[in-house]
Amino acid sequence: MSNVINIIILFSSSEDEDKIIHELSQFEYKKDFFFNVKSIKDKNLPKNWHGGSKGFEASVLIGAYNYLSISDLINYMINIKWEYIEDVQLLYKEEGDFVFKLANLKEPE
């Protein structure tokens with residue numbers, strides 16, 4: 001059996017994306033399973049694979065995980081040192097859901 005969760009993490013392009021990916025990779029979401037997330041700007045992806053006529057200007061990370069606790073991930077992400085935590089959004093779709101849910105790490109003031 002599985003319980004697959006698809007995630008999309010959006011954040012300010014002012015953040016150091018490599019640093020954020022490294023910080024997230026330290027999250028052990030299941031015993032011996034560390035969070036491996038990819039940027040849509042990953043150098044291993046073909047150039048402009050995403051469609052459109054321009055390069056993507058946003059910071060977007062994606063991944064799919066089995067038995068990931070969204071609440072544990074959010075709690076971990078809140079403790080990362082973000083420059084603009086109010087710009088961080090997590091979109092996630094749990095197995096069996098038809099639409100993504102949105103979680104903001106910090107509501108704008």
Side-chain angles (χ1 to χ4, degrees):
M1 280 191 79
S2 66
N3 183 20
V4 177
I5 298 176
N6 299 291
I7 64 133
I8 302 169
I9 299 172
L10 309 154
F11 55 94
S12 170
S13 58
S14 298
E15 302 280 356
D16 181 340
E17 188 172 277
D18 290 332
K19 177 184 152 273
I20 298 301
I21 291 171
H22 175 74
E23 291 283 337
L24 287 167
S25 74
Q26 306 304 304
F27 174 51
E28 187 175 10
Y29 70 94
K30 199 166 72 170
K31 184 167 173 42
D32 298 326
F33 285 88
F34 289 87
F35 198 72
N36 178 18
V37 68
K38 296 290 182 193
S39 170
I40 63 165
K41 297 184 264 186
D42 189 290
K43 292 171 182 52
N44 294 317
L45 292 170
K47 188 175 181 177
N48 294 327
W49 66 271
H50 48 73
S53 62
K54 294 293 197 177
F56 225 85
E57 295 181 352
S59 292
V60 181
L61 307 178
I62 56 175
Y65 308 89
N66 202 21
Y67 294 105
L68 171 69
S69 166
I70 291 298
S71 61
D72 288 350
L73 175 60
I74 290 171
N75 288 333
Y76 184 86
M77 289 175 64
I78 286 170
N79 290 305
I80 291 176
K81 188 173 183 333
W82 300 91
E83 288 187 49
Y84 302 99
I85 193 168
E86 63 275 6
D87 293 342
V88 182
Q89 296 179 307
L90 172 66
L91 292 168
Y92 62 96
K93 188 178 97 44
E94 298 174 281
E95 191 169 309
D97 288 350
F98 293 105
V99 297
F100 280 81
K101 298 173 186 154
L102 172 65
N104 292 308
L105 291 195
K106 181 182 178 190
E107 293 298 325
E109 296 176 10

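These figures come from a predicted structure and were not determined experimentally. The residues of the chain are indexed from 1 along the displayed sequence.
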Using only atom types and a distance under 3.5 Å, with no angle test, would you say the side chain of D72 pairs donor to acceptor with the backbone of L68? no
Donor-acceptor pair, N75 side chain versus S71 backbone, under 3.5 Å? yes
Could you verify whether a donor N or O on one side chain and an acceptor N or O on the other, from E95 and N3, lie under 3.5 Å apart? no
Could you check whether E17 and S39, counting side-chain N and O atoms only, form a donor-acceptor pair closer than 3.5 Å? yes
Can you list the steps and then say if V88 with N104 is a side chain to side chain contact (heavy atoms under 4.5 Å, CB included)? CA-CA 6 Å; V88 182; N104 292 308; over 6 Å; no
Give, for atom [atom1] of [X] and atom [atom2] of [Y], the distance between the pair rounded to the nearest 0.5 Å.
X	Y	atom1	atom2	value
E28	F33	CD	CZ	10.0 Å
H22	D16	NE2	CG	11.0 Å
K41	D18	NZ	CG	10.0 Å
I70	M77	CD1	CE	9.5 Å
K19	I80	NZ	CD1	7.5 Å

Identify the heavy atoms of [X] and [Y] that sit nearest to each other, and give their distance.
X	Y	result
S59	S12	OG-O, 3.8 Å
I21	V37	CG2-O, 4.1 Å
V99	K93	O-CG, 3.6 Å

More than 12 heavy atoms of other residues, nucleotides or ligands under 6.0 Å from OH of Y84: is that the case? no
Only pairs at least two apart or in different chains count here, so list each ring-ring contact (aromatic ring centres under 6.0 Å, His included) that has a residue in residues 60-81. F27-Y76, Y29-Y65, F35-Y65
Please list, chain by chain and in numerical order, all residues satisfying salt bridge (charged side-chain N to carboxylate O under 4.0 Å, His left out) with E94, sequence neighbours excluded. K101
4.5 Å side-chain heavy-atom contact, [X] and [Y]:
X	Y	answer
I7	I62	no
F11	I20	yes
I40	L61	no

Determine whether W82 and K106 satisfy the following criterion, side chain to side chain contact (heavy atoms under 4.5 Å, CB included), listing intermediate values before the conclusion. CA-CA 11 Å; W82 300 91; K106 181 182 178 190; over 6 Å; no
Worked verdict on L102 versus L90 for side chain to side chain contact (heavy atoms under 4.5 Å, CB included): CA-CA 6 Å; L102 172 65; L90 172 66; over 6 Å; no
Same cluster or not: L24 versus I78, using hydrophobic residues (I, L, V, M, F, W, Y) connected whenever any side-chain heavy atoms lie under 4.5 Å apart? yes
Tell me whether V4 shares a hydrophobic cluster with Y92, the cluster being built from Ile, Leu, Val, Met, Phe, Trp, Tyr side chains joined at under 4.5 Å. no
Does the pair I74 and L105 meet the rule for a side chain to side chain contact (heavy atoms under 4.5 Å, CB included), with working shown? CA-CA 7 Å; I74 290 171; L105 291 195; 4.1 Å; yes
